[in-house]
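Reminder, nothing fancy here: chain letters follow the sequence lines and each chain counts from 1. It should be emphasised that the depicted structure is a prediction, and the values quoted were computed from it without experimental measurement. Excluded from the calculations below are hydrogen atoms, water molecules and symmetry mates; all remaining heavy atoms, backbone and side chain alike, are included.
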Amino acid sequence: MQDIFEGLNDAQRAAVSHVDGPMLTLAGPGSGKTRVVTHRIAHLLQQGVSPFSIIALTFTNKAAQEMKKRLERLTDDSSVWMGTFHGYCARFLRHYGRLVGLSENFSIYDADDSKSAIEQSVLDSGVSLTHLKIGDIIRGIGKLKNSAITPDMMEEPGRSALDHAIQKVYVAYQKQLLVNNAVDFDDLLMHTATILRTNEDLRADLDAKHRYILVDEYQDTNLAQYLIVRGLSLDHPNINVTGDPDQSIYGWRGADISNILNFERDYPGVKIVRLEQNYRSTPEILSVADTLIENNRRRKAKRLIPTRSSGTKVALRTYIDARQEADMIADQIASAILEEKANARDFAILYRTNNQSRLLEQALLKRKLNYQLIGGYRFYHRQEIRDLLAYLRLVNNPTDDISFKRIINVPARGLGEKTLAQVNELARNREIPMLVALRAAIDRGMLSRKAQTGAKQFLTLYDQLVEESSNSIVAMLQKLLQETKYIEYLAAKKSEAPDESVEGNVQELISDASEVDLVNEDGNALQQFLEQVSLSSDTDSLTSDDRVTLMTLHSAKGLEFDHVYIIAIEQDILPHVRSRHNNDQLEEERRLFFVGITRARETLQLSNAMQRGFGGNQMAAPSPFLMELPRAEMSLADGGDEEGSMASDLDDSWGESWGDGSESDFPKALERKARRARESSWKSLPKLQSGSEMIAAATLAGVPVDEFEAGMRVRHPAYGQGTILSTEGFGPKRMVRIDFDQGDRKSFQLSKSPLELA
DNA sequence: AATATGTTCATTTTT
DNA sequence: TGAACATATT
């Protein structure tokens, strides 16, 4: 074994040599964190610690694989358990899921399955969606689960209409999941936390078994994850968490930054190691990152200490519009490759939201540059893949009604809405799975002739698949494709020629399956395969092929590239509109930007465009974050020209994003919008960009938006009379919160609700 | 069941 | 703007 301390700096050595007791590693970007973690594990093994008593928890498969690979290279050991939180929990629940009512073969629902189940639960629980959005309910349930709050822990009824609905739907949803023997992603964590919390003997056993625990990206853990980690390290607090509060970017998903900030409180006597030396980026890049992040107020001071020698200045460019931005960047990349200064794989283009990839793809395509797009349309989200997997899932778990519903009429067998409703009712009345209910319905001759035939056909296929399942997954898939003529079916359905990509995807699925078949040791290959598929993610598809990488700032975390472009650094994009009014969220956006900047090794270009959006002609203001950067030491340029020629352009456009150039177009566009608004009644006033524009448009359209103020008495046709508690926003987006005399408190968007003054 | 036509709604998403 | 979804029409 090589010397595991060789080439480490003092802080890294301190971390690697730590054996017993809690340790917090505050690791800035590019500080050699993975190296430290793997070397520390190697050190533990050297000290005689059993590999089976160590677990390492990460957030991504990629991170786990990377760690595994490096550890194997270092020690030849592959028995340390390394994997994602969700992977750990899935395995845990296969063993102990009974304690919360799950059988071993439970299905794992992804966001889409979960959404259909929640929609079903909305119906079941009699909640009306007229005034609520399904998305808000889904988010609400997710929030509860991330905090490990189970339905039976909710005592008080929800205060707002939304909270009330969330609670009702949550109860129904969990019941449905249990009946289906299924879990969603959040359940994996929540159930595990619940079991550990309520079964002290088991907890103590596992705490003793997992003597050494390592957690990566600790700043992004949510409460459920916190509880799991805590539960496993109470008696043996040999726990090492690694993270960087400045890179916490998943607050909106329930990540709680206080987990890392309070670590010292939870584990007295904690050893704290700071890894501040940066081995990744040039001093120029680090200075930009540092200056930016210092604007966050809720933050522990921390520096990025450069170790690399000076490179080129960070570029800050302003383009005319989004198209020019995409074209110029593609040109830059193309010429760098042509001049053999770099390879396509050295470049990454990062953006805030997925929809910004479109123009870039076009621009790269036009120049015949290969690229890989991370996120967006995912392999496992393709219709053909989901359909086929639903069959497999139903074989593995016959009580999985969500999968049943997905494929019962795929391909079409004359089992439409009506038949489905019949079967569903039978299933509910008798409390049996729909698959069983379908058989019963045939036996009782409840179905129409057509449906009867289709149902028999389906069940024959299903039974054949079950039979094949004792052979291999590949055999099942082949049987399925053969019997259903699936590919032809899909082509016919879309009334297109058979799509090559569909066939390619199916082939890829089969090849994935065959790999699992090969290593099938314990006879549950199918379950293993389904789990692997469910817990895989976009970033897993990242390859080292020679391609330019396009992805969101979120998915870029943990990665690094020689040359990084961050685009669309504009007001309402980065920071995103939805974080405008909340300082915590604004700081998270700043951290996101920080994460993006610190991905770059050699060069970094930040850009904004003056026009972007629908039709490409909406004015876009530069992000306020751009004003926080050390602009004196950067290279400022207008996108079309050479460096320096328009150095002050950004400042100009800053204060007058509605000024000069746009002024002549502005009233005309506005007039059009306003006219359209008048014509189509004020209820459907189009969404507009800025507050001032909205007020102006509303005035033009004659919308009476501002006569409602706090304290006024109003009348609503459904809720009766009430008093306005507060108002928020302007123009057609103006919201009023009303305390109705009957007791309800509700909020309305003025332009959309039938409120009138009383 | 297929097709046309209207309506709505646009975050991020490690799993 | 356009995709995804819902509703109407044949």
Checking contacts here: which listed nucleotide ([options]) is nearest the side-chain heavy atoms of [X]?
| X | options | value |
| --- | --- | --- |
| Trp252(A) | dA1(B), dT13(B), dT11(B) | dT13(B) |
| Thr60(A) | dG2(C), dT12(B), dT14(B) | dT14(B) |
| Asp220(A) | dT14(B), dA1(B), dT12(B) | dT14(B) |

Presence of [X] side-chain N/O under 4.0 Å of [N] phosphate oxygens OP1/OP2:
| X | N | value |
| --- | --- | --- |
| Arg352(A) | dT13(B) | no |
| Thr552(A) | dT13(B) | yes |
| Asn354(A) | dT13(B) | yes |

On the 0 to 90° scale, with breaks at 30° and 60°, tag the Phe593(A)-Phe625(A) ring pair as parallel, tilted or perpendicular.
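It falls in the parallel class, under 30°.
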Kindly confirm whether the side-chain ring of His554(A) is stacked on the base of dT12(B), judged by centres under 5.5 Å and planes under 30°.
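No, His554(A) does not stack on the base of dT12(B), since the centre distance and plane angle fail the 5.5 Å and 30° test.
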Separation of [N] [atom2] from [X] [atom1] (nearest whole Å):
| X | N | atom1 | atom2 | result |
| --- | --- | --- | --- | --- |
| Asp184(A) | dT13(B) | CG | C1' | 14 Å |
| Ile138(A) | dC9(B) | CD1 | P | 14 Å |
| Ile374(A) | dT14(B) | CD1 | C1' | 13 Å |
| Leu373(A) | dT13(B) | CG | P | 11 Å |
| Asp112(A) | dA4(C) | CG | P | 12 Å |
| Met551(A) | dT14(B) | CE | P | 12 Å |
| Asn61(A) | dT14(B) | CG | C1' | 9 Å |
| Arg323(A) | dT1(C) | CZ | P | 14 Å |

Write down the atom of Ala451(A), the atom of Leu447(A), and the distance for their closest heavy-atom approach.
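For Ala451(A) and Leu447(A), the tightest heavy-atom pair comes out as CB-CB, 4.0 Å.
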Given DNA chain B, 5'-ward residue of the pair Gly414(A) and Ser534(A), judged by closest heavy atom:
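With Gly414(A) and Ser534(A) compared, the 5'-side residue is Gly414(A).
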Residue met sooner reading DNA chain B from 5', once His576(A) and Tyr250(A) are mapped to nucleotides
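Checking each residue's closest nucleotide, the 5'-ward one belongs to His576(A).
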Would you measure the distance from the P atom in dT12(B) across to the matching atom in dC5(C) and give it in whole Å?
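Here dT12(B) and dC5(C) have their P atoms 15 Å from each other.
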Determine the interatomic distance between P on dT13(B) and the same-named atom on dG2(C); round to the nearest Å.
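Per the computed distance, 22 Å lies between those P atoms.
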List in chain and number order the residues that pass salt bridge (charged side-chain N to carboxylate O under 4.0 Å, His left out) with Asp246(A), two or more places apart in sequence or in another chain; answer none if no residue qualifies.
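For Asp246(A), the residues satisfying salt bridge (charged side-chain N to carboxylate O under 4.0 Å, His left out) (neighbours in sequence not counted) are Arg299(A), Lys302(A).
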Please indicate whether Arg323(A) has more than 12 foreign heavy atoms, meaning atoms of other residues, nucleotides or ligands, lying under 6.0 Å from its CZ.
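No, not enclosed.
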For a quick check of understanding: with a heavy-atom distance under 4.0 Å over all strands, which category does Arg358(A) fall into, base, sugar-phosphate or nothing?
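Sugar-phosphate only.
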Do His554(A) and Tyr250(A) have ring centres separated by under 6.0 Å?
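Between His554(A) and Tyr250(A), the centre distance is under 6.0 Å.
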